[in-house]
Number of protein chains: 2
Amino acid sequence: MPHDQQRTRIQRKNRQAILEAALDVFSQYGFRGATLDQIAQSAGLSKPNLLYYFPTKEAIHSALLSGLLGHWTAPLRSMNPDGDPVEEILTYVRRKLEMSREYPRESRLFANEVLQGAPHIGEMIQTEMKTLVDEKAAVIADWADQGRIPPLHPYHLIFSIWAMTQHYADFDTQVRATLGGADQDPFPEAETYLTTLFTRLLNP
Amino acid sequence: MPHDQQRTRIQRKNRQAILEAALDVFSQYGFRGATLDQIAQSAGLSKPNLLYYFPTKEAIHSALLSGLLGHWTAPLRSMNPDGDPVEEILTYVRRKLEMSREYPRESRLFANEVLQGAPHIGEMIQTEMKTLVDEKAAVIADWADQGRIPPLHPYHLIFSIWAMTQHYADFDTQVRATLGGADQDPFPEAETYLTTLFTRLLNP
DNA sequence: CGTGATCCTGACCAATTGGTCAAACAAAAA
DNA sequence: TTTTTGTTTGACCAATTGGTCAGGATCACG
């Protein structure tokens, strides 16, 4: 049973390759649309060998999602209650946008999952995720109460940051197609735009 | 061949039922994740009978998407160049949010499609969609040139409206789970928040 | 070296997939 | 009432799906 912990060198390498391949495939086709053959081929393994490392398709998916959740929520987690409100929020926006540029597959993986009603991570959202958001929303509410930022609904403020930043990863195809010059990188302009938007929104 | 036009009463009824069922299934599972059996059952037809009305799975999907595109872009299309800029944009935002509330399945259908690289409607995006956005972005740019709204990047302004409004349809599960009271309707608060956001953003 | 644990494979399986087809059935036209 | 047209079905198909299993290959270690 290699599933308890990553012991050997080979196990580490292959589990890593599988998760990498699975990220590719799941993020592009969703859970039901992805196939084990695709993942196995992309990882350079045979299908039975793949199933030697993970017992089921769901196990791969779960391992991916739970392993990524911490990384994905890091920018929000590092928002500092003692910092300058506008600066903290702007930094959060920029770091979140940077995540969309650097890790678009991760963004699409979560998007696919949530789109389908979050059947595999619904629990995680209701616990870990909600706890984090509750905490940070309280911080934002405090800032608003102190008059340091305008009185905006803290949860919807967070939602709008998620929406706008993840949009550039999840809907990359549409963004690029709409902007025309397909080779053009939309992210620099996006950062400028979002900085302007939140600066105007948060300063009195 | 019933595929040229909807002739008989039965054809109209069944084609309608199929598209309705397909919207349910495709929007929840994506193209590859959806099955003909699911759609047939949801439409109350046998699978061969379903394939009597549409030759392939792709045909159903295409019919759905192309039939919906016009409806989906209506709010942007009706943005009036001769109206008051702030009011026009705010109305657009509100109508778009209303679409997310009234037609979440349609939103998720497009989201699924674009997430996977828009393999079936990439062409439509590059032509019809882009033309519309180009036109309306020009209107917004004019408004900015005339000093009637701040100088914001028109395309990214439109993207941000898409992102924030569609977020409430596409990520409904996450929004409700995060807000806690699962039975609570997030849309009224969302409308208030978005109105505030764009009012602050667009007024000098 | 040898031996036990780990790693890998080809052959296989039942279930499901999108799709076909001939024949039966129903509706409408004659 | 025929005849024609339109509609529905059960049986079927090849391909693909997630997953199993016995045995072979390879590794680490004494």
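Chain A is the first sequence line, chain B the second, and so forth, proteins listed ahead of strands; every chain is numbered from 1.
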- Note on the structure: Rounded to whole Å, the CD1-P distance (Ile10(B) to dT9(D)) equals 12 Å

- Query: Roughly, in whole Å, what's the span from NE2 in His61(A) to P in dG18(D)?
  - Reply: 13 Å

- Item | Any Arg9(B) side-chain N or O less than 4.0 Å from OP1/OP2 of dG6(D) | no

- Task: Let me know the distance between CZ of Phe54(B) and P of dG18(C), rounded to the nearest Å.
- Result: 16 Å

- Message: What is the separation between atom CD1 on Ile18(A) and atom C1' on dC7(C), rounded to the nearest whole Å?
- Response: 12 Å

- Ring centre gap for Phe26(A) and His120(A) strictly below 6.0 Å: no

- Task: Indicate, yes or no, whether a donor-acceptor pair under 3.5 Å links the base of dG19(D) to the side chain of Lys57(A).
- Result: no

- Task: Would you mind checking if Arg108(B) and Asp170(B) are paired as a salt bridge, meaning a charged N to carboxylate O distance below 4.0 Å?
- Result: no

- Search all heavy atoms of Trp72(A) against all heavy atoms of Met99(A) and return the closest pair with its distance. CE3-CE, 3.4 Å

- With DNA chain D as reference, determine whether Lys47(A) or Gly44(B) sits nearer its 5' end, using the nearest nucleotide of each. Gly44(B)

- Query: Any side-chain N or O of Ser46(A) less than 4.0 Å from the OP1 or OP2 oxygen of dT9(C)?
  - Reply: yes

- Between Tyr155(A) and Asp134(A), is a side-chain hydrogen bond (donor to acceptor under 3.5 Å, both in side chains) present by the stated rule, with each step listed? CA-CA 8 Å; Tyr155(A) 287 89; Asp134(A) 283 344; 2.5 Å; yes

- Starting at atom CZ of Arg15(A), determine the distance to atom C1' of dT6(C), rounded to an integer number of angstrom. 15 Å

- Query: Hey, are Glu20(A) and Arg105(A) close enough for a salt bridge, meaning a charged N less than 4.0 Å from a carboxylate O?
  - Reply: yes

- Task: Specify the closest pair of heavy atoms between Gln38(A) and Tyr29(A), including all atoms of both residues, with the distance to one decimal.
- Result: NE2-CE1, 3.1 Å

- Is there a side-chain polar atom (N or O) of Thr8(A) under 4.0 Å from OP1 or OP2 of dC7(C)? yes

- Task: Tell me which residues in residues 24-42 of chain A put a heavy atom below 4.0 Å from DNA chain C, sorted by number, or none.
- Result: none

- Message: When you measure from the side-chain N and O atoms of Gln11(A) to the phosphate of dT6(C), is any distance below 4.0 Å, counting only OP1 and OP2?
- Response: no

- Item | Least distance between heavy atoms, Arg32(B) atom then Lys57(B) atom | O-NZ, 3.9 Å

- Taking only side-chain nitrogens and oxygens of Asn49(B), does any of them come within less than 4.0 Å of OP1 or OP2 of dT9(D)? yes

- Scan residues 108-122 of chain B against DNA chain C and write down, sorted by residue number, each residue with any heavy atom closer than 4.0 Å; if none is found, say none. none

- Task: Please determine, by modelled atom types, if His71(A) and Glu106(A) share a side-chain donor-acceptor pair under 3.5 angstrom.
- Result: no

- Message: Whether the Ser78(A) and Arg95(A) side chains hold a donor-acceptor pair (N or O, under 3.5 Å, no angle test) is what I'd like checked.
- Response: yes

- To the side chain of Asn14(B), which of dC7(C), dA27(C), dT8(D) is closest? dT8(D)

- Query: In whole angstroms, how far is the P atom of dT6(C) from the NZ atom of Lys13(A)?
  - Reply: 17 Å

- Task: Give a yes/no verdict on a cation-pi contact between Arg15(A) and Phe54(A), requiring under 6.0 Å between NZ or CZ and the six-membered ring centre and an angle within 45° of the axis.
- Result: yes

- Note on the structure: Atom CG of Leu50(B) and atom C1' of dT8(D) are separated, to the nearest Å, by 12 Å

- Message: Please tell me if Tyr52(B) has a side-chain N or O lying less than 4.0 Å from either OP1 or OP2 of dT8(D).
- Response: no

- d(CG, Leu51(B); C1', dC13(D)) in whole Å: 14 Å

